[in-house]
Structure formats: C-alpha cells, structure tokens
Amino acid sequence: MKNFVITVARGFGSGGRDIAAKLADELHIHSYDNRILTLASEYSGYPEHFFKEANETLNGSLLTKQLQELPKRHKPVGNLSRFTSDDRLFEYQKLIIEKLADTESCVIVGKCADFILKNRPNVISIYVEAPRSYTLKRVLDRMDDITVEEANRLITKTDKYRSDYYTYYSGGNYWTNPVNYDLTFNNARLGDDTCVKLVLDCMKYKFGEEWFHDYMKRIGKQ
C-alpha cells in the first residue's frame, strides 16, 4: 500500500480536529481541514473549463504545495448560517480529496471525505462526538469572549449545518450513521490520546501488522 488516509468527522466541540492534528503528528503526515475549502473556493472562481484541466493536471505534490501555503486554522470556528448547497464548490473539494488520497498519506477533517473515499481500501474513517456538557466546556475553553448561551447556539447550529451538508452531498445518508465509519468515539469517555491510540490500533488490524510496523519504523516510531 503506497499511502493511506484517515478521515475525521466530528461534532462541534467534540475534539475531533485536535485528534486529527495529533494523529498527523504521530504519523508524520499532514492534516487538512479548512484549507481544502479555501483552495476549492479559489478554484471554483475560475472558468468552467478549468475543472477539466485541473482534473487532468493536478497531482498530489502540487496540491500539497498549494494547501501548505494557505493559513491553517488554530481555533474552532462554527457556523451559524443555514446550509445552502454549492455543487460547483463541492466538486472541487471532491477533486482535491480524491487527488490527495491517490498520492499522499494524510488526515482529512470533514468535507464528506469518508463518503467520497468510502470504497477505497487505504482509508480509515472515524467519527468523534461527545455529550453537550463536554462540547460546551471545550468550546468555552477555546473561544474567547463567548457566553454559555452563544456557545450552546453555535454548537447546535454548526452540527445542524454539518448534518444537512452531509445528507445533501451523500445523496440522503445521514452524518451520524455508524456504518459510515470504521470507528466512532465518545470523546468525553475516552479523551484525545486514547482515541489516537485506538485509531493506530485500527490501522494495524485493517492494513496489516507487518505493514504497520514497517511504516512506524520508517518514521522512527519503533
């Protein structure tokens, strides 16, 4: 297996993005979330014929360079707006995700990546959730100048947006459906580090112990 991808779907405030970042650090690979949307937004502003050209010419190394040049978000940002579809933007996101999965080991957060890559054997998909008491505390700890009422509303609206987004672009599937994922976590019970360890264990079992040990040895973890 040349490369692998870990997709991370997550409830707002569950810690899924932090788990993704820790997995990327542990495995010496990149984690992509908002930068995929930013790059797709830039592409979608080009003329229609650009999509065909991009599909034929974009490769993993070029995408990695373009994505790495974009700013990485370090604080959680929710979504208070209602979901409205943008099929052209989604097609560019899908193209970027597929090209990355073809050529680069990475972690991809959100963007329906688990659904887009669902038939690929080199993918592990996880979903991270937690009770409201946990997500509320995590949001309050990580966002400045936000009240409890505002945080509660942000969590509710963001999760609704993500659910509607997933249902629309997956053709009717639902975001929290456990059969979409290899692993689902209640992060309030497990914590970030245990979730990371369980994903690594899943890699070992799904991709093979010999492959896993060889990979970890190559990156200096064994």
Student: Report yes if the side chains of Ile6 and Met203 come closer than 4.5 Å at any heavy-atom pair, otherwise no.
Tutor: yes

Student: side-chain hydrogen bond (donor to acceptor under 3.5 Å, both in side chains) with Asn187: which of Asp18, Thr194, Asp192, Thr135?
Tutor: Asp192

Student: Ignoring hydrogens and angles, tell me if any N or O in the side chain of Ser125 forms a donor-acceptor pair with the backbone of Thr7 under 3.5 Å.
Tutor: no

Student: Trp175 vs Thr167, test: side chain to side chain contact (heavy atoms under 4.5 Å, CB included). Steps then yes/no.
Tutor: CA-CA 7 Å; Trp175 177 47; Thr167 298; 5.7 Å; no

Student: State whether the number of non-hydrogen atoms from other residues, nucleotides or ligands found under 6.0 Å of Lys204 atom NZ is greater than 12.
Tutor: yes

Student: Of the non-hydrogen atoms in Glu26 and Leu200, which two are nearest, and what is the gap between them?
Tutor: CG-CD1, 3.7 Å

Student: Would a single hydrophobic cluster contain both Ile29 and Leu23, if residues Ile, Leu, Val, Met, Phe, Trp and Tyr are joined by side-chain heavy-atom contacts under 4.5 Å?
Tutor: yes

Student: Checking Tyr92 against Asp86: is there a side-chain donor and acceptor pair closer than 3.5 Å?
Tutor: no

Student: Do you know which two heavy atoms are closest between Val109 and Ala20, and how far apart they sit?
Tutor: CG2-CB, 3.5 Å

Student: Would you say the side chains of Tyr169 and Gln93 form a donor-acceptor pair under 3.5 Å?
Tutor: no

Student: Indicate yes or no: at least one non-hydrogen side-chain atom of Leu154 is less than 4.5 angstrom from one of Ile146.
Tutor: yes

Student: Please examine the side chains of Asn186 and Leu190, heavy atoms only from C-beta on, and report whether any two atoms are closer than 4.5 Å.
Tutor: no

Student: Please report whether the ring centroid of His30 lies less than 6.0 Å from that of Tyr32.
Tutor: yes

Student: Under 3.5 Å, is there a donor-acceptor pair between the side chain of Glu91 and the main chain of Arg88?
Tutor: no

Student: Say whether, by atom type as modelled, one donor and one acceptor occur between the side chain of Ser14 and the main chain of Arg10 under 3.5 angstrom.
Tutor: no

Student: To the nearest 0.5 Å, what is the distance between CZ (Phe185) and OH (Tyr127)?
Tutor: 13.0 Å

Student: Assess whether side chain to side chain contact (heavy atoms under 4.5 Å, CB included) is satisfied between Thr184 and Ile126, documenting all intermediate values.
Tutor: CA-CA 6 Å; Thr184 59; Ile126 73 171; over 6 Å; no

Student: Can you tell me how far the CZ atom of Arg17 sits from the CZ atom of Phe12, to the nearest 0.5 Å?
Tutor: 8.5 Å

Student: Starting from the C-alpha separation in whole Å, work towards a yes-or-no answer on side chain to side chain contact (heavy atoms under 4.5 Å, CB included) for Tyr166 and Arg162.
Tutor: CA-CA 6 Å; Tyr166 193 97; Arg162 290 175 180 176; over 6 Å; no

Student: Quick one, Asn122 and Lys2 - any side-chain contact, counting heavy atoms below 4.5 Å?
Tutor: no

Student: How long is the span from the OH atom in Tyr181 to the CG atom in Asp114, to the nearest 0.5 Å?
Tutor: 4.5 Å

Student: Using a 6.0 Å cut-off, check whether atom NZ of Lys157 has over 12 heavy atoms from anything other than its own residue.
Tutor: no

Student: Evaluate the ring planes of Phe207 and Trp211, with Trp represented by its six-membered ring, and classify them as parallel (under 30°), tilted (30 to 60°) or perpendicular (over 60°).
Tutor: perpendicular

Student: Go through Val5 and Leu100 one step at a time and tell me if the side chain to side chain contact (heavy atoms under 4.5 Å, CB included) criterion holds.
Tutor: CA-CA 9 Å; Val5 178; Leu100 288 172; over 6 Å; no

Student: Are any side-chain N or O atoms of Asn180 and backbone N or O atoms of Phe115, one a donor and one an acceptor, separated by less than 3.5 Å?
Tutor: no

Student: Let me confirm one number: the NZ-CG distance from Lys118 to Asn173, rounded to the nearest 0.5 Å.
Tutor: 8.5 Å

Student: First locate atom CD1 of Ile97, then atom CZ of Phe90, and finally report the distance between them rounded to the nearest 0.5 Å.
Tutor: 7.0 Å

Student: For residues Asn3 and Asp102, report the shortest heavy-atom separation together with the two atoms involved.
Tutor: OD1-O, 3.5 Å

Student: Do Tyr215 and Tyr205 belong to the same hydrophobic cluster, where Ile, Leu, Val, Met, Phe, Trp and Tyr are linked whenever their side-chain heavy atoms lie under 4.5 Å apart, directly or via other members?
Tutor: no

Student: Taking atom CD1 of Ile108 and atom CD1 of Ile116, what is their separation to the nearest 0.5 Å?
Tutor: 8.0 Å

Student: Can you check whether Tyr174 reaches Asn177 side chain to side chain, under 4.5 Å on heavy atoms?
Tutor: yes

Student: Should we say atom CZ of Arg120 is surrounded by more than 12 heavy atoms from elsewhere, each under 6.0 Å from it?
Tutor: yes

Student: Write down the atom of Leu140, the atom of Ala151, and the distance for their closest heavy-atom approach.
Tutor: CD2-CB, 3.9 Å

Student: How close do Leu117 and Ala101 get, heavy atom to heavy atom, and via which atoms?
Tutor: CD2-CB, 3.7 Å

Student: Could you see if Tyr134 belongs to whatever hydrophobic cluster contains Val128? Use Ile, Leu, Val, Met, Phe, Trp, Tyr and a side-chain cutoff under 4.5 Å.
Tutor: no

Student: Thr103 and Lys99: which non-hydrogen atoms are nearest, and at how many Å?
Tutor: OG1-O, 2.9 Å

Student: Is it the case that over 12 heavy atoms from other parts of the model lie below 6.0 angstrom from the NZ atom of Lys206?
Tutor: yes

Student: Verify the neighbour count for atom NZ of Lys22: are there more than 12 heavy atoms of other residues, nucleotides or ligands below 6.0 Å?
Tutor: yes

Student: Is the side chain of Asp182 donor-acceptor paired with the backbone N or O of Cys202 at a distance under 3.5 Å, no angle test?
Tutor: no

Student: Decide yes or no on salt bridge (charged side-chain N to carboxylate O under 4.0 Å, His left out) for Lys94 and Glu98, but give the supporting numbers first.
Tutor: CA-CA 6 Å; Lys94 181 172 180 287; Glu98 289 173 335; 2.9 Å; yes

Student: With the threshold set at 4.0 Å, does a side-chain nitrogen-carboxylate oxygen contact exist between Asp193 and Lys197?
Tutor: no

